[in-house]
K.L.:
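Handing you a structure now.
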Amino acid sequence: MITTSGLTKVYRTHRSRGREVTALDGVDLHVREGEVYGVIGQSGAGKSSLIRCVNLLERPTSGTVTVAGQDLTALAGRGPRAGRELRQARSRIGMVFQHFNLLSSRTVQDNVELPLEILGTSGKERSRKALELLDLVGLADKAKAYPAQLSGGQKQRVGIARALAGDPKVLLSDEATSALDPETTRSILQLLRDLNRQLGLTVLLITHEMDVVKSVCDSAALMEKGRIVESGTVADLLATPGSQLAAALFPVGGEASGDDRTVLDVTFHGESATQPVISQLSRTYNIDISILGAAIDTVGGLQVGRMRIELPGRYEDNVVPIGFLREQGLQIDVVDHDEPALAKEGAK
Amino acid sequence: MTWSEMQPLLEQACTETLIMVGWSTLIAVVGGLPLGILLVLTDKGGLLQNTVVNKVIGQIVNIGRSLPFIILMVALMNFTRWVTGTTIGSEAAIVPLAIGGIPFFARLVETAVREVDHGLVEAVQAMGGNTWTIVRKVLVPEALPSLIASTTTTVIALIGYSAMAGTVGGGGLGDLAVRYGYQRFETGLMWITVAVLAVAISLIQFAGDFAARALHRRGARSGPAPRLRLLKSGEPATADVGKVA
């Protein structure tokens, strides 16, 4: 649905000479139709530039952006102004913003009608559509209110209703929940999830909060210094040994208690999550197992658990028990092992 | 001088001032609004970024703003005669007043429009709006409370300028105060003129503040109305700080 290839954006801080800042460095992104795709990264990683390049609010320095089969970079034309074709394409891509960006001089309903005014919809049809959308986001009673009278969560709901006014197939969310408290964040994410399911809306969201990815995303990508360093469906990422995203989604801590110890990260998902493997391991090999840390959660609709355990003895002494765990369908990462290649090899 | 002698003089002077200030304000707003918006749009990083146009408009506005009004008035005499056929009287005074008012208002518009959150512009761009849509639906409506405050400031400045115009034959309250109060020692009439001006300016300021606040507060329970600084002298303190070409 959204594909970028070789997307590069270089900002020049001074007109001719001076520093150049590479915000995007050859980003290849592929968002499938109907999924919620999260791009996560720290401030300055290039997330904002990326999402702004998708509807060409920022012109990429090079590379292409294709949305719903249409190559937007080809429509761009020259100069900073958007031509008619690009503006039409933009009207079919919804966008919500961190700071809502509602017009304070207009009522909630008039804000939602704004994109329809731009599309040239008739007055009657505009107000019908606006009220329908406000109903969809649960704000039917606030149609005549001004944005200043709403809470942050309500403002973002108006922002979402406005983004949906042009019947978009794609919704871009630029840190939509970053200015909201945790409770409101959950309700807004739930709304995005519902819209994704009910309307078949493809959602590309950027965030710096791991919880956002955890609760709504089907797929995710990690950005660092203008590059995508990891990407894939959440389930695949969790099954990838050494995945930074998986580790960040499921942080487990704990240090080895001595030199002659082997520390393992055990990731359970799918059926293996329900097996009593740790007690089986203990009984079969007659070893004492310490649990250093553990977490169980639902990620992307999957029950997933991760546990950091400690076995007595060095890695060499524990090859057989580790083999046993892998046979049970668990993903095992050996922490701080001097032969990491071995650990990665047996992942599946 | 008795009241019955003063009354017709005052009435005529008030009418003349009203005509001068009314027309010149109208022209200043009609001319200054697009200029001010253009200054923002053509600036670096603006929607219609164009350094040449920006510098030319900025220069014209700066020259218009920096000339003392009395000099502008004299300098424009030939132009005034060409437009109105005369250089004397209220109608003639409208020409330099309007030309002095346009750059004055344009700078205030520029400041007001620049304060509109760029995120709103971006939101409308993301909806597929063009520059004209952004001007009509975002920049002007969102800056409206400040624009009204700017208009108030302009009206008051033009009342001040109109008194200067009066001294060289423009008529109006300033002319009355000089001719009778200064040249004929009619102190009573002069003080009445001063009182009329003070009341008029207070009323205009009050009405302007009220309108700006009413618009600004839409929906919000509290919050200060935008108000331009240094209202008495008519010189906004920060208007010129932004861009000197």
K.L.:
At their closest point, which heavy atom of A:S104 faces which heavy atom of A:Y146, and how far apart are they?
P.N.:
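Reported closest heavy-atom pair: O-CD2, 3.7 Å.
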K.L.:
Please work out whether the ring planes of B:Y161 and B:F104 are parallel, tilted or perpendicular, with thresholds of 30° and 60°.
P.N.:
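Rings of B:Y161 and B:F104: perpendicular, over 60°.
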K.L.:
Do the side chain of B:Q205 and the main chain of B:A200 share a donor and acceptor less than 3.5 angstrom apart?
P.N.:
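Not confirmed, B:Q205 side chain does not pair with B:A200 backbone.
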K.L.:
Are side-chain N/O atoms of B:T42 and B:N54 paired as donor and acceptor at under 3.5 Å?
P.N.:
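The criterion, which ignores hydrogens and geometry beyond distance, is satisfied for B:N54 and B:T42.
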K.L.:
Between A:S49 and A:Y11, does any side-chain donor sit less than 3.5 Å from a side-chain acceptor?
P.N.:
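Per modelled atom types, A:S49 and A:Y11 side chains form a pair under 3.5 Å.
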K.L.:
Give, as side chain, backbone, both or neither, the part of A:I93 having an atom under 4.5 angstrom from any heavy atom of chain B.
P.N.:
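Just the backbone, heavy atoms under 4.5 Å.
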K.L.:
Does any heavy atom of chain B fall under 4.5 Å from the side chain of A:L150, the backbone, both, or neither of them?
P.N.:
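No part of it gets close to chain B.
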K.L.:
Relative to chain B, which segment of A:R52 carries a heavy atom at a distance below 4.5 Å: side chain, backbone, both, or neither?
P.N.:
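The side chain, not the backbone.
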K.L.:
Can you tell me which portion of A:R162 sits under 4.5 Å from chain B's heavy atoms? Options are side chain, backbone, both or neither.
P.N.:
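A:R162 touches chain B through side-chain heavy atoms alone.
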K.L.:
Quick one: of A:T107, A:L102, A:V96, who has the most non-hydrogen atom pairs under 4.5 Å with chain B?
P.N.:
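With the most close heavy-atom pairs to chain B, the winner is A:L102.
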K.L.:
Where do A:R157 and A:S187 come nearest, in terms of heavy atoms and distance?
P.N.:
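Taking every non-hydrogen atom into account, NH2-OG, 3.3 Å.
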K.L.:
Heavy atoms under 4.5 Å from chain B: which residues of residues 119-144 of chain A carry them?
P.N.:
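Those residues of residues 119-144 of chain A which would need a heavy atom under 4.5 Å from chain B do not exist here.
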K.L.:
If you measure from the Lys or Arg side-chain nitrogens to the Asp or Glu carboxylate oxygens, is any gap between A:E175 and A:K47 under 4.0 Å?
P.N.:
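Between A:K47 and A:E175 there is a salt bridge, with a charged N closer than 4.0 Å to a carboxylate O.
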K.L.:
With a 4.0 Å cut-off, would you call A:R106 and A:E117 a salt bridge?
P.N.:
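Result for this pair is yes, salt bridge flagged.
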K.L.:
Is B:N130 in contact with chain A via its backbone, its side chain, both, or neither, using a 4.5 Å heavy-atom distance?
P.N.:
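When you check distances to chain A, atoms from both the backbone and side chain of B:N130 fall under 4.5 Å.
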K.L.:
Hey, is the main chain of A:L56 close enough, under 3.5 Å, to the side chain of A:R90 for a donor-acceptor pair?
P.N.:
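Looks like yes, one N/O pair under 3.5 Å.
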